[in-house]
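Structure first, commentary second.
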Amino acid sequence: MWKLHPAALALILFAAPAAFAAVTLEAPPTAAIGAPVAVTIGGSTNPRDFVTIVPQGEREGAYDAYAYVTKPGVFQLTAPARPGDYEIRLLGAASPYPTLARRPLRVAAVTASLEAPAQVSAGAKFQVRWTGPGNPRDYVGIGDTRRPYISYVYTRVGSPLSLNAPDDAGEYELRYFLAAGDTVIGSRPITVGGVTATVSAPAQVAAGARFAVKWTGPDNPRDFVTLVRAGTPARQYERYAYTSKGSPLELTAPDQPGDYELRYLMAQSYATLGTAPLKVTPITASIQGPAEAVAGSRF
């Protein structure tokens, strides 16, 4: 029977720890809901190993949002949107995804506050001051009972930020959303009041002619006046000019004569606030010259 030389045995015993480094996982013990969580992984050698956050006591092999550990280093996860006790786990690449390392994580609730006018005009731009976590891709939006948000702006632009009021009058709510799960952590009511507009121009213009259009209205960013065929369905437009150019503004009549309609449209929904009829009349032209001319001569 062969025997291993004592020197060789010692070499194997002392070399083993260096050859197979222990897998490590370091992370903060607490985080706010929806906040970034930096996780440091060491010793992982399979680029398909992955790190995840699951509720404490969750079955082995379970995972939620995750990041692959392509090489040891720091990885960013996002804390869940519900407060409570969780566990950060480094899972092996192959099913049933054995846990290679773990660390507990306590996730705490957080709130946000919003300040804005109690009432704004339909379609108007207004400012909102906010306090809150300001996590990457958190956002402030305005919505109602049917829609979580109609328009929104990311909190990364700072406070205050500017929002556009909906085009329809009514009762709405400003909301601070966590990017994690689109979770609302702060809200306040806001009323959107109705607005009207008028447009006026000559009763008729010649085909292809330029003409002036006077208007009154809210002049929200990118509101515009358009000229369409009479009977065109609502929220459609053809040739147009932005109200930001002032009143009066200029449009060009179509080449095709007929009955048309000027409309003041709101930027967000193309809702019509004011209209005026316009008739485009035909035009004719005539040409006179000699019956013949010498090649190359002027006539």
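Residue numbers start at 1 and run along the sequence shown.
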Run the salt-bridge test on Arg102 and Glu60 with the 4.0 Å N-O cut-off and return the result as yes or no.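 A salt bridge is present here (some side-chain N lies under 4.0 Å from a carboxylate O).
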
Any salt bridge between Glu26 and Arg103, counting N to O under 4.0 Å?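 Yes.
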
In the structure I gave you, are the side-chain heavy atoms of [X] and [Y] within less than 4.5 Å of one another anywhere?
| X | Y | value |
| --- | --- | --- |
| Ile142 | Pro166 | yes |
| Ile41 | Thr24 | no |
| Ile33 | Ile185 | yes |
| Ile150 | Asp144 | yes |
| Leu100 | Arg89 | no |
| Val39 | Leu25 | yes |
| Lys125 | Ser162 | yes |

Tyr97 and Ile53: same hydrophobic cluster, using ILVMFWY side-chain contacts below 4.5 Å?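 Different clusters: Tyr97 never reaches Ile53 through Ile, Leu, Val, Met, Phe, Trp or Tyr contacts under 4.5 Å.
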
Quick one: side-chain hydrogen bond (donor to acceptor under 3.5 Å, both in side chains) pairs with a partner in residues 271-295, sequence neighbours left out?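 Qualifying pairs, neighbours excluded: Asp259-Lys279.
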
Under 3.5 Å, side chain of [X] to main-chain N/O of [Y], donor-acceptor pair present?
| X | Y | result |
| --- | --- | --- |
| Thr183 | Ala180 | yes |
| Arg175 | Pro148 | yes |
| Asp167 | Ser269 | yes |

Listing, residues 219-228 side-chain donor-acceptor contacts under 3.5 Å, not counting sequence neighbours, or none:
from: Asp219; atom 1: OD1; to: Thr243; atom 2: OG1; distance (Å): 2.6
from: Asn220; atom 1: ND2; to: Ala122; atom 2: O; distance (Å): 3.3
from: Asn220; atom 1: ND2; to: Gly123; atom 2: O; distance (Å): 3.4
from: Asn220; atom 1: ND2; to: Asp223; atom 2: OD2; distance (Å): 3.4
from: Arg222; atom 1: NH2; to: Tyr242; atom 2: OH; distance (Å): 2.6
from: Asp223; atom 1: OD1; to: Ala267; atom 2: N; distance (Å): 2.9
from: Asp223; atom 1: OD2; to: Asn220; atom 2: N; distance (Å): 3.0
from: Asp223; atom 1: OD2; to: Tyr264; atom 2: OH; distance (Å): 2.9
from: Thr226; atom 1: OG1; to: Glu238; atom 2: N; distance (Å): 3.1
from: Thr226; atom 1: OG1; to: Arg239; atom 2: O; distance (Å): 2.9

Near-ring test Tyr152/Phe177, centroid separation under 6.0 angstrom: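 No, ring centres 6.0 Å or more apart.
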
Please report the C-alpha distance between Val51 and Leu77 in whole Å, then the side-chain angles of each, then the deciding distance to 0.1 Å, and finally whether the side-chain contact (heavy atoms from CB on, under 4.5 Å) criterion is met. CA-CA 8 Å; Val51 63; Leu77 294 176; 4.0 Å; yes

Mind checking what makes side-chain contact (heavy atoms from CB on, under 4.5 Å) contact with Ala209, not counting sequence neighbours?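 In terms of side-chain contact (heavy atoms from CB on, under 4.5 Å), with neighbours along the sequence ignored, Ala209 is linked to Ala206.
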
Where do Pro28 and Leu105 come nearest, in terms of heavy atoms and distance?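 Minimum heavy-atom separation between Pro28 and Leu105: O-CD1, 3.4 Å.
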
More than 12 heavy atoms of other residues, nucleotides or ligands under 6.0 Å from CZ of Phe211: yes or no?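 Enclosed.
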
With sequence neighbours left out, which residue pairs that include part of residues 181-202 fulfil the ring pair (Phe, Tyr, Trp, His ring centres under 6.0 Å) condition?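 As it turns out, there is no ring pair (Phe, Tyr, Trp, His ring centres under 6.0 Å) pair with a partner in residues 181-202 once direct neighbours are skipped.
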
Kindly indicate, with the supporting measurements, whether the criterion ring-ring contact (aromatic ring centres under 6.0 Å, His included) is fulfilled by Tyr237 and Tyr270. CA-CA 9 Å; Tyr237 64 92; Tyr270 299 159; 5.5 Å; yes

For the side chain to side chain contact (heavy atoms under 4.5 Å, CB included) test, which of Val54, Thr52, Val107 pairs with Tyr86?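 Of all the options given, the one that passes is Val107.
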
Can you give me every donor-acceptor pair (side chain of residues 130-140, partner residue at least two apart or in another chain, under 3.5 Å) with its distance?
from: Trp130; atom 1: NE1; to: Gly158; atom 2: O; distance (Å): 3.0
from: Thr131; atom 1: OG1; to: Ser113; atom 2: OG; distance (Å): 2.4
from: Asn135; atom 1: ND2; to: Gly34; atom 2: O; distance (Å): 3.1
from: Asn135; atom 1: ND2; to: Asp138; atom 2: OD2; distance (Å): 3.3
from: Arg137; atom 1: NH2; to: Tyr154; atom 2: OH; distance (Å): 2.8
from: Asp138; atom 1: OD1; to: Ala179; atom 2: N; distance (Å): 2.8
from: Asp138; atom 1: OD2; to: Asn135; atom 2: N; distance (Å): 3.0
from: Asp138; atom 1: OD2; to: Tyr176; atom 2: OH; distance (Å): 2.9
from: Tyr139; atom 1: OH; to: Asp182; atom 2: OD1; distance (Å): 2.8

For Arg48 and Tyr68, test the side chains for any donor-to-acceptor distance below 3.5 angstrom and give the result as yes or no.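 Tyr68 and Arg48 do have a side-chain donor-acceptor pair below 3.5 Å.
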
Donor-acceptor pairs under 3.5 angstrom involving side-chain atoms of residues 246-255: please list them, not counting sequence neighbours.
from: Ser247; atom 1: OG; to: Trp215; atom 2: N; distance (Å): 3.1
from: Ser247; atom 1: OG; to: Trp215; atom 2: O; distance (Å): 3.4
from: Glu250; atom 1: OE1; to: Arg210; atom 2: NE; distance (Å): 3.0
from: Glu250; atom 1: OE1; to: Arg210; atom 2: NH2; distance (Å): 2.9
from: Thr252; atom 1: OG1; to: Arg210; atom 2: NH1; distance (Å): 2.8

